[in-house]
Amino acid sequence: MSEENVNQYDFRVIEAKWQKRWEEADLFRVEYDPTRPKFYGLDFFPYPSGAGISVGHCRNYVPLDVACRLKGMQGYNVLRPMGWDAFGQPAENEAIKRGRNPREMVPEYAANYRRQLKLVGMSYDWSREINSSAPDYYRWTQWFFLLLYKQGLAYRANTPINWCPSCKTGLANEEVVGGKCWRCGSAVEKRPLPQWYFKITAYADRLISGLDTINWPEGIKTQQREWIGRSEGAEVDFQVVEHDATLRVFTTRPDTLWGATFMVMAPEHPLVSQITTAEQKTSVQEYIERAKRSTEIERQATDRAKTGVFTGAYATNPVNDAPIPIYIADYVLMGYGTGAIMAVPAHDQRDFEFARKYDLPIVMVYQSSPEQTSESLMEALPAGGVMVIGEFAGEPNSKETVRKVIEWIEARKTGEGVINFRLRDWLISRQRYWGAPIPMIHCPACGTVPVPEDQLPVPLPDVEKYQPTGTGESPLAGIPEFVNTTCPQCNAPAKRETDTMGGFACSSWYFLRFADPNNSERPFDPELANYWLPVDLYVGGAEHAVMHLLYARFWTKVMHDAGLVPFDEPFQRLRNQGMLLAYTAGRRVTKDEAGDGEEVDTNEPLEDWKVLKPEEKAAVPEDQWIWKWVKMSKSMGNVVTPDEIAERLGADTLRLYSLFVAPFEETVLWADKGIEGAHRFVNRVWRMWTELRPHYVADWRNGSTTTSDAERKLRRKLHQTIRKVGGDIEEFKFNTGVAALMEFTNELSAFRNALGNQPPTLEQTTLVSEILETLTLILAPIAPHLADEFWELLGKEGFTFRVPFPQFDPEAAAEESILIVVQVNGKLRDRLQVAPGTEAAEIERLALACEKVQAEMQTKQVRKVISVPGKLVNIVMG
RNA sequence: GCCCCAGUAGCCCAAUGGCAGAGGCAAGCGACUUAAAAUCGCUACAGUGCGAGUUCGAAUCUCGCCCGGGGCACCA
């Protein structure tokens, strides 16, 4: 009976037992220890949604956990914290939906997350748990707002903002995706409102150059570079005819000034009203009105025909004094450059289209051939050709020419070289309740005054009603007890700022708070931050490529400049996990649903496919279901939870499968079949290991060494596996690391079968003991519950997390002989076994001596022999 | 339209210039079993999306296409 029990892999009991012991021993709690090297592994700051985590979340939490456990076994002092991005719209919207207060809901949801993360064996130091909506956290978010303000990096401006009518709040540029709100997909409008901004544009250059110093996926770096969008060019002044005004334009092609035949201003340009003539007033007014009404989606549609209106005014081209008409058109954006352009239809496609439509002259600056004329042009010529007019006639169409022209313009004082960025300042104001109040006070006498640091936090009032107002005003504006205060400077009655900060403020510094989460004197102790930071390994989804990662880098640079931290990049190494898709039943969108945009649920992609809700499944015949692979998410109703997998197959199986299913960064299609295989493997390990365990001797290191071929081979495989598993985890190649473990168990199985019921020899006992112990430890980062159970079964104390990860023995891992392939003209002819390190000349000699090669040499002449030591010999004959 | 990433066996994936196959799923066969499951063992299956090129040698490098995924999109 007892024999039976030992061989029964009861993962439910084992996993619960070790999770309890880890907790009792406070195993993952870490302390500052400058005598030890540190390792900081961090997950993207999650919002704890009511749905809890799905197996999709395991795609990032498990690999980082494995990497951190390995680092711990390698002797690093590992910081692995977790906290909740609890402020912001996801939490608020969910609370509204459930008619609850987010203040009560967040801790509940966080508790569920915590429970689930423990269930899959995560090695978090829970003593460092933080909640960004707690006053002792947002107090410091507000403190950082004031820091930015003091540095001149926070300002209030009344410019038209991106307004999401559904979220009822302003959006930063980064939060507008294709003219739609990133969160809900509604069409974004423009609204004038006074708003707080962070001057991230002041750091544009450093946000680009810093990318060269960090180990991030190239794709993410490219996205950030393109988002910041640095472009070199010049600003040039055009005198407006018969007005005391100059129109300044930005151009990357000042070399084409000679071909500028008209100007275009954005409809919002402040000069428009001043220079528009009486005759044109009506049509210009109409155009401006129309531009205002159209949504960002409409304005951003690139395939749309160019439209515009003549202002009646003219400007003087500074290079040839020609008067050229000034138009307004919505393809020119007020937010980029100067909001006005010089149009060179011959060399810019957009200007070309506009010129053809409104019959404006086209003048060629560059020509690739004499036959080419402005009349014959079918499209603009952005590149190539030689300059044919002006002072620089004869110059090629090149960067060098652009540079020369800029110098010339500067000398003539009509313009200057300028670097422009696509990046705009970061809109931080939200007109919502659930966020950190912006710590500013509006005083009638003193103006805008910061809240003194010692009065922080400005507490978010606890209220019953917090729904967004929709008027563009924060719900806080309706709470007199909050709004009315006194001016910190003159003590006169004053009003508080009622906007709150967007959630990205909280996540721009949380990684620092983990270094010192309970500090009530400052956001963090510099000594602790210097020890733990920067984050060594940061893991999360690629969807934050621009927003969060850009903002966090910006805040870190600001802190660096304020002398708070010595580094200026927060995340040394970044990895993005792939998405997890589930096969999901859906149906076609019916005509009436597609018809009106108002009623369509904007959380779902606006396509012709809609997920079948559970209640709809009965109504729609099964042969009309359309199956699709879509992201696993609560709104799709296709979630598989770690709870059900842990219950059915165990956490270690789930961990192993999360790693094995595909390369880390690849998209995964969730199929239940695959995980059965992972479970089979874990069972197989259990069975083999427990069967061999009776042969274990603790002092195997003093035992006799193995000599038989088969045993030496198995030991070689063991040491190769140590090397492979450790290396693959470091390189984030978890799938091949797990495969290596499977390979080893396959060989171990053959050994066990060969052993049968015979008692093992002394040598075999030594080998088996080494295997039992080593296998336990190399499994430990991946299947920690199983490993700790094994460790105990070996009669050891404590936890594998505290045991050094095995070192591989290079001698034991070395191959005894190497296979050399012999090819003739690239085709396989023979194989040779040679000792490692055999020189090229020697294997060449052996290859030429091969029978099959000799046979071919009878009829052909050897032209060349390529001999690659350790690989092959290729004999070229003809 | 532009920029990334991928395309290898029925499926998920290894191999990053050197014998196309490590691992898993599914399939087939055998052993064990009264039988089945589980387990153990064995087996078959592709010439690497298409077309050129470089090379002694290409899944791997280069160029041009096709297909899928992701990102950006009037930025002057």
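Sequence lines set the chain letters: A, B, ... in the order given, protein chains first and strands last, and positions in each chain run from 1.
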Check nucleotides 55-57 of chain B for protein N or O atoms closer than 3.5 Å to its own N or O atoms and list the pairs.
unit_1	atom_1	unit_2	atom_2	d
B/rC56	OP1	A/K864	NZ	3.3
B/rC56	O2'	A/N874	ND2	3.4
B/rC56	O2	A/N874	ND2	2.4

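- Annotation: the span from A/E379 atom CD to A/F352 atom CZ amounts to 7.5 Å, rounded to 0.5 Å.
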Where do N or O atoms of nucleotides 36-40 of chain B meet protein N or O atoms at under 3.5 Å, pair by pair?
unit_1	atom_1	unit_2	atom_2	d
B/rU39	O3'	A/R687	NH1	3.0
B/rC40	OP1	A/R684	NH1	2.8
B/rC40	OP1	A/R687	NH1	3.4
B/rC40	O3'	A/N753	ND2	3.2

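- A salt bridge links A/E232 with A/R230: the distance from a Lys NZ or Arg NE/NH1/NH2 to an Asp or Glu carboxylate oxygen falls below 4.0 Å.
- With salt bridges taken as basic N to acidic carboxylate O contacts below 4.0 Å, none links A/K673 and A/E676.
- Proximity of A/R422 to the phosphate of B/rA73: a side-chain N or O atom is located under 4.0 Å from OP1 or OP2.
- Distances were taken from every side-chain heavy atom of A/S231 (C-beta onward) to each of B/rA22, B/rA76, B/rG71; the shortest belongs to B/rA76.
- Look at A/D212 and A/R225 and you find a salt bridge, because one of the NZ, NE, NH1 or NH2 atoms lies within 4.0 Å of a carboxylate O, short of that distance.
- Among the nucleotides B/rC25, B/rC74, B/rG23, the one closest to any side-chain atom of A/N746 is B/rG23.
- No donor-acceptor contact under 3.5 Å links the side chain of A/K673 to the base of B/rC12.
- Nearest to the side-chain atoms of A/E226 among the listed nucleotides B/rG18, B/rC3, B/rA22 stands B/rC3.
- Cation-pi geometry between A/K306 and A/F354 is not satisfied (NZ or CZ under 6.0 Å from the ring centre, within 45° of the ring normal).
- With respect to the salt-bridge test (charged N to carboxylate O, under 4.0 angstrom), the residues A/R248 and A/E416 qualify.
- A salt bridge links A/E815 with A/R716: the closest approach of a Lys/Arg side-chain nitrogen to an acidic carboxylate oxygen falls below 4.0 angstrom.
- Ranked by how close their nearest RNA chain B nucleotide is to the 5' end, A/M579 and A/E743 are led by A/E743.
- With 3.5 Å as the limit, one finds a donor-acceptor pair spanning the side chains of A/S231 and A/Y336.
- Of the two residues near RNA chain B, A/K871 and A/T252, the one whose nearest nucleotide lies more 5' is A/K871.
- No donor-acceptor contact under 3.5 angstrom links the side chains of A/T690 and A/Y9, judged on distance only.
- When the side-chain nitrogen and oxygen atoms of A/N735 are compared with OP1 and OP2 of B/rA14, one or more of them lie within a distance under 4.0 Å.
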